[in-house]
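Scroll down for the structure; my scribbles are underneath it.
All heavy atoms count here, side chains included; hydrogens, waters and symmetry mates do not. Please read these numbers as outputs of a predicted model, since none were measured by experiment. Chain identifiers are assigned alphabetically (A, B, ...) following the order of the sequence lines, protein sequences preceding nucleic acid strands; residue numbering begins at 1 within each chain.
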Amino acid sequence: MDPLSWTGSLSVLNPIMIGVAALLALSVIAQIILSLFAPEPSVKVNADGTLIARGGMYGSSEKAVRWFFLALVALGLTYVVAGVVMPMGSAGIIGAISKQLTPVWGSLIVLFVLSLRYKRRLGLYGKLFDSSIGMIGFGIVMFWVFTAIFSDFIVTHDVLSQVSGMKNKLPGTPTPNGEGWYLMGGDHLGRDVFSRVIAGSRIVIIIAPFATIFAFMVGITLGLPAGYYGGKLDTGLSFLSNLILAFPVILFFYLLVTPEIVQTGMPQYLGVVLFLFPIIFLMVLVNSRFYVVPARRNVMLLIIGIVGGYFYLSFVGEAGTRVSVLPASLDVIHMPGNMLIVFVSVVFVNSPTVFRIVRGIVLDIKTRDYVAAGQTRGERPWYIMIWEILPNARGPLIVDFCLRIGYTTILLGTLGFFGLGLSPESPDWGSTINAGRKLMTIAQHPAIVPALALMSLVLGLNLLADGLREESLKD
Amino acid sequence: MLTFLLRRLATMVLTALCLTFIVFYLTNLPPNLEKLAKSEAGSRITDTEVESWLEKNGYASPLLVRYGEWLGVVPGWTHEADGVTQGRCIERGQDPETAPRYCGVLQGDWGFSTVFKDDVSSILATRLSLTGILMAWVMIVMVPVSLIIGVMAGMREGSKLDRSLSTFSIASTATPEYVSGVILIAVFATSMGWKVFKGTATSAMDEITFENFFLPVITIALYGIGYIARMTRASMTEVMTAQYIRTARLKGVSFRNVVMKHALRNALIAPFTVIMLQFPWLLNGVVITETLFNYKGFGWTLVSAAGNNDIQLLLGCSVVAVFVVLVTQLISDIGYVILNPRIRIS
């Protein structure tokens, strides 16, 4: 088989694409320069109630940007759609990749159509679709989420199998047995870069949000009482969190994730403490709400205790390590390799920041009248904290949640970059970048493809957070 | 102000003690010591030999005592065998009588690196000076660029310029050093793109040129620029909606003068704190970038010390890192009080 070019038979479109992109860049620059001299409003209201758009140089540059942007998007979509429709390989690498990603495109279209259709009924989530930045960010994030979900169908080759003739081969090289192509080339061991990046997305998409949720539970459970009660508790917890924050993250990773320290069971003990917080949080949540109906409360606490306790033991324990409570046959959650340790260290690094944010918000909210009203009604402190203060703090917390998932992704990459934690052949993005960077002078794609993947996911999360912030500030 | 300073200093010392103790504890866990014994005395020694080696070299005493010795508040250990007295503070060939009783970090004795075969203090001095040069260039690039971007974006909120610059800042905060570094090397230092710069900064340790130093500096600066620019923008937009700015505009002061003379000074108070608090983050970036570009500064030393179980050097590195973080926090607090007359410390 022949090697694939980037666009295959669609290469006739390339000059048009480049031309439109150049024109768009020109018009954006023109608009920025002109905006320094332009009058303020872009739409004027006439006396008879009609509207008039701004004319002149600035107005036309505004129009040019809009139309060139639409043209560029349409052209980009053409590559994708043609790739999906045309047979494998005839639309080049881009076409082949977009064909592999067909389930992702389908899910994205369904999600966006439904969300846009019912956006008025969906609360803050629906409002996200009023902001273009938020929508772009959400699209990128969901692209990676769906890629992670469908990764088994998307990968073209086995993630670990090494083909000797494919070492550091360029993108689009056909495999020696003639069964397909290495769409993004081969890495230094002759493995398929494209498949590894796709498979790596699953690791990130599972660990990053879960670690962030855990960090939030720890931060909220400790931050609420610290801000609400103040005093000695606050001083102690704040000192502790400042202690962790003053610790250089990389040094901490090196100290906690090295094999010698893993042997002592240290990270697992840390996990034993940290993972208790979600259960405590849920129990306090239920207890404060149903304190007045003891029968119902007891049942719910029992359920949380048993189910949560089981998952807790199964999560922190692993047969054959320092902490092994459940026998292997009852252990449902198996964390491969050092994933638990990576998880624990990421939660540990993130929770002090969450603690500080929650504490700050609580300090602000507890001076409000509705909190005083609750206190006068005789509501108990934990009820006020969880059911009066926390819901009113959700805006900033949701925004920070998105940003923090991005930050966690970066941390996971950092761990992989230093070869800490996950096993060396694991396809996670940090380890792949680390493996690829050592041979940058020979082959660039093994490092660049995962780097771009990681960057796009974090960028999507940041844009999403920005959109959410904008929309939540509006009301 | 004085009580505030004293309290901050007391907290700082306490934090430093706690953190160094944690590092000391983690680096002195039994498996680490065993590994050290094996690397020093031969990898095939038996468990009893390991124990006797540890005892001979003063690692058998309780952890707190050893921490005190390392800190220099507890007399160093001595060990007498076959009529020869060895000790923590006794150098080879030195008469035990003349040796000092205390030798720890407080006395300026930072220990001996097992990997580089040199005194930790002298290693740290050379490495830190190399990193200092790197940081200085990063600051020279990062601070003006990010402040200009932030002020330009914040002076007219919602304008096209604001949107493009804000998008740029978001993109730059979404690009960690190991991503931007890899991409920059691929584009500017390999056969794939233009070969205008060098992909390593090893030669920059002797002689800095634009060619070998631009990429590492830009890699670190890029990640920080976005964050500082966003903070500056937020502070600038807040100032631009203030009453006195409106008054100045109504008096007929031109927009340029309002921005330059009235708004700028007040808008730059918040970014000052942010820039100071960026130091701990820069430390992170420095470690990644120095590893990526093979520039043997402080970060590179930290990584090789941690990777090779070089306990004394790692402890020295962490003291420096913790010190940098705490001092910048203190400076940012004091600076904030001085810059902003509205804040009074009771």
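Within the 4.5 Å cutoff, side-chain heavy atoms of B:Pro176 are placed close to those of A:Leu454. Under the 4.5 Å side-chain criterion, counting only non-hydrogen atoms from C-beta, A:Thr414 is not in contact with B:Glu177. Put simply, the side chain of B:Leu314 reaches to within 4.5 Å of the side chain of A:Leu255, judged on heavy atoms. Looking only at side-chain heavy atoms (C-beta outward), A:Gln444 and B:Ile183 stay at 4.5 Å or farther from each other. Considering only heavy atoms from C-beta on, B:Tyr223 comes within 4.5 Å of A:Ile410 through its side chain.
Per-residue heavy-atom pair counts under 4.5 Å with chain A were compared for B:Leu283, B:Thr173, B:Val182, B:Leu29, and the maximum is reached by B:Val182. Taking chain A as the reference chain and counting heavy-atom pairs below 4.5 Å, the highest number among B:Ile170, B:Leu161, B:Val325 is found for B:Ile170. When each of A:Ile448, A:Leu403, A:Ile244, A:Leu243 is scored by its heavy-atom pairs under 4.5 Å with chain B, the top score falls to A:Leu243. For the options B:Ile185, B:Asn284, B:Leu326, heavy-atom pairs under 4.5 Å to chain A are most numerous at B:Asn284. Contact count against chain A (heavy-atom pairs under 4.5 Å) is highest for B:Ile288 among B:Leu302, B:Ile288, B:Thr175, B:Thr27.
In this structure, the separation between CD1 on A:Ile29 and OG on B:Ser164 is 10.0 Å, given to the nearest 0.5 Å. In this structure, B:Ser169 OG and A:Asn462 CG are separated by 11.0 Å, a value rounded to the nearest 0.5 Å. The CD1 atom of B:Ile22 lies 6.0 Å from the CZ atom of A:Phe247; values are rounded to the nearest 0.5 Å. Between the CZ atom of A:Phe252 and the CG atom of B:Leu19 there is a distance of 11.5 Å, given to the nearest 0.5 Å. The distance from the CG atom of A:Leu459 to the OG atom of B:Ser172 is 10.5 Å, given to the nearest 0.5 Å.
Interface remark: B:Ser166 contributes no atoms to any contact with chain A (heavy atom separation under 4.5 Å).
For the pair A:Gly413 and B:Tyr178, the tightest heavy-atom approach, listed with the atom from each and the gap, is CA-OH, 3.1 Å.
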